[in-house]
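Notes follow once the structure below has been shown.
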There are 2 protein chains.
Amino acid sequence: METRQSAALKVGELAKQTGLSVRTLHYYDEIGLLSPSRRTEAGHRLYTAGDVDRLRQINSLRYLGASLEEIREILDAPDFSPRRVIEQHLARLREQIKLQQKLCDRLEEIAARLSSKEEGSAEELVQTVEVIRMSERLWRYYTPEQREEIEERGRGLGEERIRQVEAEWPELMEQVRAEMEAGTDPSDERVQRLAKRWMELVREFTGGNPEIESSVRNVWRQEETIHGVDTGPMREMGEYISRAMAASKKPK
Amino acid sequence: METRQSAALKVGELAKQTGLSVRTLHYYDEIGLLSPSRRTEAGHRLYTAGDVDRLRQINSLRYLGASLEEIREILDAPDFSPRRVIEQHLARLREQIKLQQKLCDRLEEIAARLSSKEEGSAEELVQTVEVIRMSERLWRYYTPEQREEIEERGRGLGEERIRQVEAEWPELMEQVRAEMEAGTDPSDERVQRLAKRWMELVREFTGGNPEIESSVRNVWRQEETIHGVDTGPMREMGEYISRAMAASKKPK
DNA sequence: CTTGAACCTAACGTAACGTGAGGTTGTAGC
DNA sequence: GCTACAACCTCACGTTACGTTAGGTTCAAG
């Protein structure tokens, strides 16, 4: 009952002051991050000025994105290099942002490809995603010169044409898949048309450059042994197209 | 025992193919996202081609950062607008990135301020963070003209001087805090020196512009009622400094 | 003395699995 | 047929930072 400030705060008061929830303060107490120095006889928490001070520190560190565990380590270590921690934290954060940025790019690409069509099915979306995943993985196998050439051709074709082609791929893949599942013979006329279109699109991409085409085939072989994305269906489609092309050479 | 592909995969095989863990596949089964169509008599999971196909779709969507719940909704809805989902997702992601970027900026600022000193304590780190938090909150209250003026002055002072001042703030605050806790009288000579330095730094910031100084004082009053960051200690320091300044006017 | 606000503890729920524990099945070699 | 050992099975707890009841006690005002 001092005229001075009440010397110790109850949870609700502290919560209101800091904008944290009562539950949060309970939790901090629970994990031993911030345990009030005193209690009333009834067991009510009483936060002293020192406690409030510690909470202030906690909030500052939380503001930097530190986890409660890290905060405890920081505050409980008497000798401590803030710079090291910050820089470490910063590195992790940058890594995260890079990942998220990449994800964002992908989504934007997907959105762009989809927006050229009216409406689409979930399967079309998945196919589009697969094309992108594959191109990303392919990219790793090109030599810098090959990459340059591909990009050069990309510039030559113009943005619009690229978007057209990119929108056509998933569609084509879906049709081929349908024929495969239906068990249509590769020499069937419908399949022949699809195969022809397929090869045209591939040529437009590789520019007919045999080195790059070889690279692509190489990748397919490589990828077989690499764990991860299911290249199986894609590979099957490739084989199906190959058979169709072979059948077209000697039409009966 | 077909010569055709084994028709159905066991968990381990599927796991190896996709790079997922067995536990993950168990989990997908558990939540009903991907339940194998068949089981052996012994209860071993058998994934058919259709199941593998669904998993492929799942992985594609996961690659876009969708949650398992969202994926289920997408795959289980027969009619579905991929574009809407993608754009929604994209918006959320952009928001996240913005936040993280902001956090990153803060950390960089902190790192820059700290790097001008050799080593520091945790308390110094916290003080630095507080200064930044406060400036961020102050910023909201300035009119565009005031902001322009402050930035103008910032450019005038030069980067180096700014960093000097910014590094000095936390230090000064820590000293003032120490004197307060020690209960030193505001008229004490040490406090007087601190207060003088304090006012100098403030002047350098506001440029002596009374409108801006008034804004700052206004903010302090405003902030009292706004929930959130603990302005208490800062306010106390302000009062302490005020008393010190008053004491200096009529030195006994 | 009552009432309502503020407090207490305890316990479950969140997302997407990792990591055992403890038991059954499949298969290879002897 | 026996014995390993790999692969499979089903629980079930741990992870982060709290939100959200539920059921009971204490405080402050009228």
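Every chain is numbered from 1 and lettered A, B, ... according to where its sequence line falls, protein lines coming before strand lines. Computed from a predicted structure; not experimentally measured.
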Show the atom names and distances, to 0.1 Å, of all donor-acceptor pairs under 3.5 Å that link a side chain in residues 95-105 of chain A to residues at least two apart or in another chain.
unit_1, atom_1, unit_2, atom_2, d
Gln96(A), OE1, Gln100(B), NE2, 3.3
Gln100(A), NE2, Gln96(B), OE1, 3.3

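- A salt bridge links Asp29(B) with Arg39(B): the closest approach of a Lys/Arg side-chain nitrogen to an acidic carboxylate oxygen falls below 4.0 angstrom.
- When rounded to the nearest whole Å, the span between CZ of Arg62(B) and P of dA15(C) equals 16 Å.
- Side-chain N or O atoms of Asp53(A) include none that pairs as donor or acceptor with a backbone N or O of Gly50(A) at under 3.5 Å.
- With values rounded to the nearest 0.5 angstrom, Thr40(A) atom OG1 is found 7.0 Å from Lys10(A) atom NZ.
- Protein atom CZ of Arg45(B) is 13 Å distant from nucleotide atom C1' of dA7(D), rounded to whole Å.
- Applying the salt bridge (charged side-chain N to carboxylate O under 4.0 Å, His left out) criterion to Arg62(A), with sequence neighbours excluded, gives no partner residue.
- Qualifying salt bridge (charged side-chain N to carboxylate O under 4.0 Å, His left out) partners for Arg23(B), counting only residues two or more places apart in sequence or in other chains: Glu30(B).
- When rounded to the nearest whole Å, the span between CG of Leu9(B) and C1' of dA7(D) equals 15 Å.
- Comment: Glu69(A) engages Arg72(A) in a salt bridge, judged by a side-chain N to carboxylate O separation of less than 4.0 angstrom.
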- Contact string for nucleotides 21-29 of chain C, one letter per nucleotide 5' to 3', B = base within protein heavy-atom range under 4.0 Å, S = sugar-phosphate only, - = neither, reads ----SS---
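- Between Ser21(B) and dG18(C) there is a side-chain polar atom (N or O) within less than 4.0 angstrom of OP1 or OP2.
- Looking at residues two or more places apart in sequence or on another chain, you find a salt bridge (charged side-chain N to carboxylate O under 4.0 Å, His left out) between Asp76(A) and Arg54(A).
- Near DNA chain D, meaning a heavy atom under 4.0 Å from it, residues 23-36 of chain B has Arg23(B), His26(B) in order of number.
- We find that CZ of Arg39(A) is positioned 17 Å from P of dT25(D), with the value rounded to whole Å.
- Between the OH atom of Tyr47(A) and the P atom of dC7(C) there is a distance of 10 Å, given to the nearest Å.
- We find that CD of Glu13(B) is positioned 17 Å from P of dA6(D), with the value rounded to whole Å.
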